[in-house]
Amino acid sequence: AQRQPPNSTASVKCVCVCVGFVSSAAIDLLYWRDIKQTGIVFGSFLLLLFSLTQFSVVSVVAYLALAALSATISFRIYKSVLQAVQKTDEGHPFKTYLELEITLSQEQMQKYTDCLQFYVNNTLKELRRLFLVQDLVDSLKFAVLMWLLTYVGALFNGLTLLLMAVVSMFTLPVVYVKHQAQIDQYLGLVRTHINAVVAKIQAKIPGAKRHAE
């Protein structure tokens, strides 16, 4: 029997943990299960991206830091004056947050590092497979995708695409849930058409036909 690589089990567990975390947190946001929480996150993303379209990254970070400091300093001064007037000693207004443990443990750092390593390694392997034409059809699909992206890049800049992606992430899942039957029907037709085109390409290009396992 072949010996299993020592890190394979850990990688699988790492992916399960990461996927579970994403499915429990991100999906709840994208499907608007908590409208208030999703609205805050969605609005924050939009505000940040719109700010980046008008100002540089350095300016946006500086303005956000100044806004946060203005709020915390004002609140600290307000509570200090209030305690002086009322002659109370409630302590620091942010004492609870200052005593909150925010450091990452060795196990948590290792878990996140393993997850990052897993995805980076798989991405590099996939890129190597595509660029070195391990499968001709997949490499041709990738080339067509890159060719289409040249037109997309000519029409939109990176921030505009990122803004469109964020809006789509927070709207398309809800639209899909409401109109799932119709969308699945159209997607099935598109998938059938694409598979037919790919089959014709495989039949005409020498070496493109996949070997049956």
Side-chain angles (χ1 to χ4, degrees), residues 15 18-19 21-68 112 115-198 200-201 205 208:
V15 173
C18 292
V19 172
F21 175 76
V22 171
S23 61
S24 62
I27 291 180
D28 288 342
L29 288 174
L30 298 180
Y31 282 91
W32 294 79
R33 291 170 182 169
D34 187 336
I35 297 178
K36 182 179 179 180
Q37 185 179 9
T38 302
I40 293 175
V41 175
F42 186 35
S44 300
F45 272 119
L46 289 182
L47 180 60
L48 177 61
L49 292 176
F50 276 125
S51 300
L52 290 175
T53 60
Q54 302 298 323
F55 306 100
S56 66
V57 177
V58 176
S59 298
V60 171
V61 172
Y63 281 128
L64 289 175
L66 284 174
Y112 296 134
C115 287
L116 179 62
Q117 180 184 10
F118 177 83
Y119 287 116
V120 169
N121 289 339
N122 279 277
T123 300
L124 292 176
K125 290 179 182 177
E126 184 66 17
L127 290 176
R128 181 185 63 181
R129 188 181 71 85
L130 292 172
F131 280 104
L132 298 183
V133 200
Q134 181 177 348
D135 188 288
L136 181 58
V137 174
D138 288 343
S139 296
L140 288 175
K141 291 178 182 179
F142 185 66
V144 171
L145 176 62
M146 294 299 103
W147 177 68
L148 293 176
L149 287 179
T150 61
Y151 289 93
V152 174
L155 295 175
F156 309 100
N157 58 31
L159 280 176
T160 304
L161 290 175
L162 186 58
L163 183 61
M164 294 170 60
V166 170
V167 173
S168 300
M169 286 171 54
F170 282 91
T171 55
L172 292 182
V174 179
V175 174
Y176 176 75
V177 170
K178 292 183 178 180
H179 307 282
Q180 183 174 357
Q182 297 91 326
I183 294 175
D184 286 344
Q185 181 180 359
Y186 289 118
L187 288 178
L189 295 175
V190 172
R191 190 180 298 109
T192 301
H193 181 70
I194 292 177
N195 290 337
V197 172
V198 171
K200 291 180 181 179
I201 295 175
I205 298 179

Chemist: Between Q54 and V60, is the side-chain contact (heavy atoms from CB on, under 4.5 Å) condition met? List the steps.
Modeler: CA-CA 9 Å; Q54 302 298 323; V60 171; over 6 Å; no

Chemist: Measure across P173 and S168 and return the closest heavy-atom pair with its distance rounded to 0.1 Å.
Modeler: CD-O, 3.6 Å

Chemist: What's the separation between atom OG1 in T53 and atom CG in N157, rounded to the nearest 0.5 Å?
Modeler: 8.5 Å

Chemist: For T123, check side-chain hydrogen bond (donor to acceptor under 3.5 Å, both in side chains) against everything at least two apart and list the hits.
Modeler: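 T123: no side-chain hydrogen bond (donor to acceptor under 3.5 Å, both in side chains) contacts found.
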
Chemist: Measure across L46 and V167 and return the closest heavy-atom pair with its distance rounded to 0.1 Å.
Modeler: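 Looks like CD2-CG2, 3.9 Å.
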
Chemist: Which distance, rounded to the nearest 0.5 Å, do you find between the NE2 of H193 and the CG of N195?
Modeler: 10.5 Å

Chemist: Enumerate the ring-ring contact (aromatic ring centres under 6.0 Å, His included) contacts for residues 165-192, please, sequence neighbours excluded, ordered by first and then second residue.
Modeler: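 Applying ring-ring contact (aromatic ring centres under 6.0 Å, His included) to every pair that reaches into residues 165-192, excluding sequence neighbours, yields F42-F170.
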
Chemist: Would you call L159 and L163 a side-chain contact if the rule is heavy atoms closer than 4.5 Å?
Modeler: no

Chemist: Below 4.5 Å, heavy atoms only, C-beta onward: do L149 and M146 meet side chain to side chain?
Modeler: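 Yes, side chains in contact.
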
Chemist: Working to the nearest 0.5 Å, report the span between CG of L66 and OH of Y63.
Modeler: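 Separation between the atoms: 8.5 Å.
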
Chemist: Any side-chain heavy atom of L145 sitting closer than 4.5 Å to one from K141?
Modeler: no

Chemist: Looking at D28 and T38, what are the two nearest heavy atoms and their distance?
Modeler: O-OG1, 4.0 Å

Chemist: Any chance you could measure T192, atom OG1, to L187, atom CG, to the nearest 0.5 Å?
Modeler: 10.5 Å

Chemist: Checking N122 now: which residues fulfil side-chain hydrogen bond (donor to acceptor under 3.5 Å, both in side chains) with it, not counting sequence neighbours?
Modeler: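 Once residues adjacent in sequence are excluded, N122 has no partner under the side-chain hydrogen bond (donor to acceptor under 3.5 Å, both in side chains) criterion.
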
Chemist: Measuring from I35:CD1 to L29:CG, what's the distance to the nearest 0.5 Å?
Modeler: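 Rounded to the nearest 0.5 Å, the CD1-CG separation comes to 12.5 Å.
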
Chemist: Could you tell me if the side chain of L49 sits less than 4.5 Å from the side chain of L162, heavy atoms only?
Modeler: yes

Chemist: Can you name the closest pair of heavy atoms from R129 and D135 and give their distance?
Modeler: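 The answer is NH1-CB, 3.8 Å.
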
Chemist: What are the two closest non-hydrogen atoms of S139 and V133, and how far apart are they?
Modeler: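 Smallest interatomic distance, heavy atoms only, reads OG-CA, 3.3 Å.
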
Chemist: Going through the distances and angles, do L155 and T160 end up as a side-chain contact (heavy atoms from CB on, under 4.5 Å)?
Modeler: CA-CA 10 Å; L155 295 175; T160 304; over 6 Å; no

